[in-house]
Chemist: 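My questions all concern the structure below.
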Amino acid sequence: MSNHVFALVDCNNFYASCERVFDPSLWSRPVIVLSNNDGCVIARSNEAKALGIKMGQPFFTLGHLVSIHNIAVFSSNFTLYGDMSRRVMDVLSMFTPDIEIYSVDEAFLALDGLTDDPPAYAQRIRATVYQWTGIPVGIGIGPTKTLAKVANHIAKKNPEHGGVFDINAHSDLDELLDKLDVADLWGVGPQYARLLNRHGIYTVRQFKQANDNWVQKHMTICGLRALLELRGISCMPLEAAPPPKKDIACTRSFGARIETFQGLREAISTYVSRAAEKLREQDSVASYMQVFIRTSYFGEGPQYSNAASLQLPVATSYTPHLIHFGTRLLERIYRPGYQYAKAGVIFSGIVPQEHAQLNLFVRPYPTRRYRHLMRIVDTINQAWGRNTVQFAAAGISKEWKMRQARRSPRYTTRLAELPIVKAH
DNA sequence: TCTGGGGTCCTAGGACCC
DNA sequence: TCTGGGGTCCTAGGACCC
């Protein structure tokens, strides 16, 4: 058995909670947040969950539910959520330096060697995060990451625990695990759940007792790790510094269909620009580039989907060159006569800028000048908002831009959108 | 009318080399 | 008619996560 103490801190209904922080009148209403293009539900307050609204449910299928129950509906406001996430993580960091930011709304903490009782400490963390950010969190504690995840799940489903559950607090772990559906286990998605069910495994306890070799064979090393972690053997260490990304993508559905090459070229150029910004944010350059376009899966018209990729002559993050190659790739796959609904750009073969090998067979590459120009562009856009300066190929009208009819103000990151408190 | 986006990791299999 | 074997690298595809 390991002696580690992992805590998983998870923000409740994160995006919906962010919206509520800035508008207290939302506390008495169900709240949902929509994906890009206002397409699907991606966050729900507890009241919205109670109405039967599902994660990922297309918004238009909600019908009259919205008006009947006076549901507050928001377009996603990732600028706001990103800033709130940073605030929550800052508070958590004050309680321990050993923190892994796992996602926008989750973090693992290592609480090894704590003199306090871990659940009591977790309650203090929870109260402080709520007081300082307005975001409610749940905390699960266990000797492995997987068991901390399980504990978090139990804390969430059973409000009587006050938002904190320590897996060690229960005398019989197996009795606990027997009540949990294996489909809810971290690392078990729909495919594996079906596979396990076919083999008579329905609960987390049954999975814990499964044959190691069988699990590794059918669920890879990841499945085996989950299995061992349920048995108390820690296989997933805390990863304090996130490694640089190995792939960087920008893909979007359009707000309106695009038929023309010129329209797609604008969209691709816009996505290339954004993805290249992300490359530069982590001081990387890309060696491969892929572009894809497709029609809607749901539309009536003829379907078409295609992708093309190439190795860049020089690994780079220089937007004008990347736009050039993006356009070449688009030329290879574009076919007229289709109603395109989505496109995307994916960079891979990402390496640190300093390691980029210069290709001896291309003309001399004025890297310093390019980097200087990109730094100026990025600085301006950071200070004045995205796309304050952009490349002409990305287009001006952008009639295909995503719909965001219900976005809340960027309360915390735009001076002009600060919340106003009225005194009476 | 309207159905998300951005990642990670693992494995199998083909290409290629000696 | 017979038709090696092993290693490495790369990619596509499939699973997962939030």
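Keep in mind it's a predicted model, so treat the numbers as computed, not measured. Note on naming: letters A, B, ... go to the chains in the order of the sequence lines (proteins, then strands), and numbering restarts at 1 for each one.
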Chemist: Heavy atoms only, 4.0 Å cut-off, all strands: where does Leu224(A) land among base, sugar-phosphate and nothing?
Modeler: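 No contact.
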Chemist: Roughly how many Å apart are dC18(C) and dT3(B), using the P atom of each and rounding to a whole number?
Modeler: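 My reading of the P atoms in dT3(B) and dC18(C) gives 25 Å.
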Chemist: Do Asp112(A) and Asn3(A) have a side chain donor and acceptor closer than 3.5 Å?
Modeler: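 Short answer, no.
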Chemist: Aromatic rings Phe165(A) and His161(A): how do their planes relate, parallel, tilted or perpendicular, breaks at 30° and 60°?
Modeler: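 Taking His161(A) first and then Phe165(A), their aromatic rings sit tilted (interplane angle of 30° to 60°).
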Chemist: Classify the nucleic acid contact of Arg274(A) as base, sugar-phosphate or nothing, counting any heavy atom under 4.0 Å across all strands shown.
Modeler: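 The residue Arg274(A) makes no contact with any strand.
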Chemist: Which part of the nucleic acid, if any, lies within reach of Gln57(A) when heavy atoms closer than 4.0 Å are counted: base, sugar-phosphate only, or nothing?
Modeler: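 The answer is nothing, as Gln57(A) stays clear of every strand by at least 4.0 Å.
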Chemist: Checking all strands, does Tyr192(A) fall into the base, sugar-phosphate, or nothing category for heavy-atom contacts under 4.0 angstrom?
Modeler: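 The residue Tyr192(A) makes sugar-phosphate contact but no base contact.
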Chemist: Please say whether the positively charged group of Arg294(A), taken as NZ for Lys or CZ for Arg, lies over the ring of Tyr297(A), i.e. under 6.0 angstrom from the six-membered ring centre and within 45 degrees of the axis.
Modeler: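 Yes, Arg294(A) and Tyr297(A) form such a contact.
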Chemist: Can you classify the ring geometry of Tyr411(A) versus Phe22(A) as parallel (below 30°), tilted (30 to 60°) or perpendicular (above 60°)?
Modeler: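 Rings of Tyr411(A) and Phe22(A): parallel, as their planes differ by under 30°.
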Chemist: When we call it a touch if two heavy atoms are under 4.0 Å apart, what does Lys149(A) touch: a base, just sugar-phosphate, or nothing?
Modeler: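 The answer is sugar-phosphate, as Lys149(A) gets under 4.0 Å only of primed atoms, P, OP1 or OP2.
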Chemist: If we ignore angles and hydrogens, is there a donor and acceptor under 3.5 Å between the side chains of Tyr304(A) and Gln339(A)?
Modeler: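 There is no such pair between these side chains.
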Chemist: Regarding Leu34(A), tell me which of base, sugar-phosphate or nothing describes its non-hydrogen contacts under 4.0 Å with the strands shown.
Modeler: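 No contact.
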Chemist: NA contact type, Val188(A), heavy-atom cut-off 4.0 Å: base, sugar-phosphate, or nothing?
Modeler: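 Here Val188(A) touches the backbone only, sparing every base.
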Chemist: Any idea how Tyr370(A) and Tyr318(A) line up, ring-wise: parallel (<30°), tilted (30 to 60°), or perpendicular (>60°)?
Modeler: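 Ring orientation, 0 to 90° scale: parallel.
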Chemist: Could you check whether Tyr288(A) gets within reach of a base, just the sugar-phosphate, or nothing at all, counting any heavy atom under 4.0 Å?
Modeler: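 The answer is sugar-phosphate, as Tyr288(A) gets under 4.0 Å only of primed atoms, P, OP1 or OP2.
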Chemist: Quick check for you: name the first and last nucleotides of DNA chain C, 5' to 3', having an atom under 4.0 Å from a heavy atom of chain A.
Modeler: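 Under 4.0 Å from chain A, the extent on DNA chain C is dT11(C) to dC18(C).
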Chemist: Kindly assign one of parallel, tilted or perpendicular to the pair Phe108(A) and Tyr102(A), based on the angle between their ring planes and the thresholds 30° and 60°.
Modeler: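 Rings of Phe108(A) and Tyr102(A): perpendicular, as their planes differ by over 60°.
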Chemist: Please state whether the rings of Phe261(A) and Tyr334(A) are parallel, tilted or perpendicular, taking 30° and 60° as the class boundaries.
Modeler: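 Rings of Phe261(A) and Tyr334(A): perpendicular, as their planes differ by over 60°.
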Chemist: Can you confirm whether Phe207(A) sits close enough to Met219(A) that some side-chain heavy atom of one is under 4.5 Å from a side-chain heavy atom of the other?
Modeler: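 They are in contact (side-chain heavy atoms under 4.5 Å apart), so the answer is yes.
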Chemist: Start at the 5' end of DNA chain B and walk down; is the nucleotide closest to Phe59(A) or to Ile248(A) reached first?
Modeler: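 The residue whose closest nucleotide sits nearer the 5' end is Phe59(A).
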Chemist: Looking across every strand, which nucleic acid part, if any, lies under 4.0 Å from Tyr297(A) by heavy atom: base, sugar-phosphate, or nothing?
Modeler: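 Tyr297(A): no heavy atom of the nucleic acid under 4.0 Å.
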Chemist: When you match Ala249(A) and Arg403(A) each to their closest nucleotide on DNA chain B, which lands nearer the 5' end?
Modeler: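 Of the two residues, Arg403(A) wins.
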Chemist: Using a 4.0 Å heavy-atom cut-off across all strands, classify Asp105(A) as base, sugar-phosphate, or nothing.
Modeler: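 The residue Asp105(A) makes sugar-phosphate contact but no base contact.
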Chemist: Show me the dot-bracket string of DNA chain B, counting Watson-Crick or G-U pairs under 3.5 Å, with | for pairs to another strand and [ ] for crossing ones.
Modeler: ....||||||||||||||
